[in-house]
*Asks:* 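One structure, pasted below without further comment.
What you see is a predicted model, and the numbers here were worked out from it, not measured in a lab.
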Amino acid sequence: MTEVQKAFTAKVEQALRELGAEIVAFDQKHQVPAWDITVDRGGHIWPLRLVTVGWNVDELPVVYWRRPTPIWGWPHVSCTGDVCVSDREGLEYDPDDVPGVIEWLLQEATRLLAHSSVMAEKKRTLAFADELEGYLRNDGSSSVILDENLDTTKSLYVEVAFMRRGRSGPIASKACRINQGTTQLPACHQERLGLLDVTIHQIYGLLSEWGNDWWDSFLSRLSPSQRAIAISSKNRGVILRVASSFGHSLLLLYWGLRPAKMRSTYLIQRQDHEYLVQRTGGEPVMRHVIVAGCGSIGSRVAEHLALAGVTKITLVDNDKFSPDNFGRHLLGKKSISKYKVDELATMLKERMPGVQVEARATSVQTLLAKGELAGADAIVLATGNSTLERSIARRAFREKWQSLIISTSVEAAGLGGHAIAMRPGTPGCLDCLYIDPDTQHSLPSMRTALMEPGQKVTRQLTGCGAFTPYSALDATRTAILAAERVLANIPLYSRWAGEAVLAKAEGIQPSATYDALRTRRIVSDITPSEFAQPRCPCCGV
């Protein structure tokens, strides 16, 4: 041992003794220090193993419950005895305080074990059901994909690949994807599956691999109808839905065409819409949103809405993707010269399986003329054409659409961005922002703009095709505001003002509104009633 290693070992062992732990053995296989100890807590002797990642506690050490056989059915304990005292997310401690870290670890490990030990076995196993998938993952279970909602009324199949172990080894099968009648993976064989709803008690002792002994015991705990499915000659495996407090775990017990002594448990890697949205802490948003304009802002609005759980999104844009957009758009090289809406729809469906995305490679004027905008729950206008968006808003107010309408835009050179949410029938609209509050006369530009009017900021690098300079970060910040307005479903004008380093470097003069926002003399969110104008020809009464 080096002097550093000796000093660390001495520090750990001193801490263990001061905590009343008896050191049974010490080893350092592969430079991984480990101490076998026994700890007396409340008259209960716990045989534990403390393992540090290296010769320090920069990473949280691991505490194992030393048992000769795999541990099953104990909450927060893996099959190898790893006591999960922390999920290691958000955990903070002083890495130099070795005694303090060891003390906390042993206290938490013995507390968890003691808490579970006094529970009735049935109750303890029920608590363990919530951790079943993590338990089997730690035991080495592979995953199989399920990328659609599980429909119990349809037949279930598994797509299986056959691979040789080594150059001359036996051929082994691997379950790759579960489907309900339609295969997707090339060079895969399709096999029939059964479906069983079971309790955690019925699968007692299940590990990542299982043989005849476990299977026979499992069958004995099934009802006659469950058993009939499990032993059906048509099935080459069964999907288990194991009830838990949050719903259920999904597992695949697979034996295939050539049953072996040891068979496999697969974790079903769900990719359905409802499950993925729940993983974000939300719920599916059963709404239809039209995003008109799929440039840098609109594409990101659509992305955030899809990831937030909006169930249906219609993309409207008749432009094709150009490499000029690489610096600030979601799309990349594979999308060059293809319609933005088609490429974006494909991307969103891959990002959030189950979301309905309709691509309309046409102008928003075409949909407006056909009356196809009014039926949506929300309409995001990210066209970059304020005249067009004012026209759409006027028609929406005139025809009393039920849709929430959000006009969103970004200003040049990092000045900021806007997301203006309005609802027909409620005072406060886009036209109100083009009216002088004092004179009630029309203005040539939006009075809340962040750049002083009359300045030219567009650029031309090729002699034609002017563009407004703003970054992907500017587009993202603005898109988030617009997406938040959709999800909140409340009329509100949100805006942000940036540091505008580029604007200042190029002598672009910010407006009084920009200065007020940066110094917080005015709020960034204002209600429609606060900016509504009484003589507005669109929403005024």
Side-chain angles (χ1 to χ4, degrees), residues 47-49 51 62-84 87 112-113 116-117 119 121-146 158 160 163 165 170 172-176 178 191 193-222 226-227 229-231 235-246 248-256 258-270:
L48 304 175
R49 183 173 174 84
V51 180
V62 181
V63 177
Y64 292 88
W65 180 18
R66 288 187 287 125
R67 290 268 296 270
T69 56
I71 300 167
W72 196 94
W74 282 67
H76 306 296
V77 181
S78 73
C79 61
T80 58
D82 182 356
V83 184
C84 183
D87 59 13
L112 287 171
L113 292 172
S116 296
S117 68
M119 298 170 67
E121 183 177 359
K122 187 173 183 179
K123 184 178 180 181
R124 184 170 62 234
T125 308
L126 284 173
F128 169 73
D130 292 348
E131 305 171 16
L132 180 60
E133 291 187 15
Y135 175 90
L136 291 171
R137 184 179 293 108
N138 289 333
D139 191 40
S141 291
S142 299
S143 296
V144 59
I145 296 171
L146 173 64
V158 60
V160 180
M163 298 169 286
R165 294 179 180 174
S173 59
K174 176 177 174 57
C176 298
I178 293 170
E191 299 175 10
L193 299 175
L195 175 65
L196 289 177
D197 283 301
V198 296
T199 68
I200 189 69
H201 306 289
Q202 288 178 304
I203 62 168
Y204 181 88
L206 177 63
L207 295 173
S208 60
E209 289 189 333
W210 47 274
N212 290 335
D213 290 344
W214 180 86
W215 180 251
D216 291 341
S217 179
F218 169 63
L219 291 178
S220 70
R221 292 190 288 267
L222 299 181
Q226 289 176 316
R227 183 183 174 91
I229 295 172
I231 65 175
N235 297 330
R236 298 292 179 258
V238 289
I239 292 176
L240 302 182
R241 291 200 303 187
V242 188
S244 64
S245 64
F246 57 81
H248 55 259
S249 298
L250 282 178
L251 313 174
L252 168 63
L253 302 183
Y254 177 71
W255 54 86
R258 305 180 180 90
K261 290 183 179 179
M262 296 302 290
R263 300 147 201 170
S264 300
T265 302
Y266 286 84
L267 299 172
I268 296 181
Q269 196 172 65
R270 295 176 57 183

*Asks:* On the 0 to 90° scale, with breaks at 30° and 60°, tag the Trp210-Trp215 ring pair as parallel, tilted or perpendicular.
*Replies:* parallel
*Asks:* Give a yes or no on whether Asp216 atom CG has more than 12 heavy-atom contacts from other residues, nucleotides or ligands under 6.0 Å away.
*Replies:* yes
*Asks:* Start with the C-alpha gap between His201 and Thr125, add the side-chain angles, then the distance that decides, and say whether side chain to side chain contact (heavy atoms under 4.5 Å, CB included) holds.
*Replies:* CA-CA 7 Å; His201 306 289; Thr125 308; 3.7 Å; yes
*Asks:* So, for Ala243 and Ala129, which heavy atoms are closest and what is the spacing to 0.1 Å?
*Replies:* O-CB, 3.7 Å
*Asks:* What distance do Leu251 atom CG and Ser264 atom OG have between them, rounded to the nearest 0.5 Å?
*Replies:*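 With rounding to 0.5 Å, CG (Leu251) is 12.5 Å from OG (Ser264).
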*Asks:* How many angstroms lie between CZ in Arg49 and CZ in Arg66, if you round to the nearest 0.5 Å?
*Replies:* 8.5 Å
*Asks:* To the nearest 0.5 Å, what is the distance between CZ on Phe128 and CD1 on Ile200?
*Replies:*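 That separation rounds to 5.5 Å.
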*Asks:* With sequence neighbours excluded, give me every salt bridge (Lys or Arg N to Asp or Glu O under 4.0 Å) pair touching residues 135-146.
*Replies:*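 Every pair satisfying salt bridge (Lys or Arg N to Asp or Glu O under 4.0 Å) with a residue in residues 135-146: there are none.
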*Asks:* When rounded to the nearest 0.5 angstrom, what is the spacing between CG in Leu136 and CD in Glu131?
*Replies:*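 Spacing of CG (Leu136) from CD (Glu131) equals 11.5 Å.
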*Asks:* Where do Leu206 and Leu253 land on the side chain to side chain contact (heavy atoms under 4.5 Å, CB included) test, with the steps shown first?
*Replies:* CA-CA 10 Å; Leu206 177 63; Leu253 302 183; 3.9 Å; yes
*Asks:* Taking all atoms of both residues into account, what is the closest heavy-atom pair of Gln202 and Phe218, and its distance?
*Replies:* O-CD1, 3.2 Å
*Asks:* Which residues pass the ring-ring contact (aromatic ring centres under 6.0 Å, His included) test with Tyr64, sequence neighbours left out?
*Replies:*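 ring-ring contact (aromatic ring centres under 6.0 Å, His included) check on Tyr64 returns nothing, list empty.
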*Asks:* Which distance, rounded to the nearest 0.5 Å, do you find between the CH2 of Trp65 and the OG1 of Thr80?
*Replies:* 12.5 Å
*Asks:* The test is side chain to side chain contact (heavy atoms under 4.5 Å, CB included); show your working for Lys174 and Ser142 and say whether it passes.
*Replies:* CA-CA 9 Å; Lys174 176 177 174 57; Ser142 299; 3.9 Å; yes
*Asks:* Side chain to side chain contact (heavy atoms under 4.5 Å, CB included) for Leu126 and Thr199? Distances and angles first, verdict last.
*Replies:* CA-CA 9 Å; Leu126 284 173; Thr199 68; over 6 Å; no
*Asks:* CD1 of Ile239 to CG of Leu250: how many Å apart, nearest 0.5 Å?
*Replies:*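 One finds 7.0 Å between CD1 of Ile239 and CG of Leu250.
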*Asks:* Between Ile203, Leu132, Leu195, which is the residue that forms a side chain to side chain contact (heavy atoms under 4.5 Å, CB included) with Leu240?
*Replies:* Ile203
*Asks:* Using every non-hydrogen atom in the two residues, find where Ala230 and Val238 come nearest and quote the distance to one decimal.
*Replies:*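 That would be CA-CG1, 4.1 Å.
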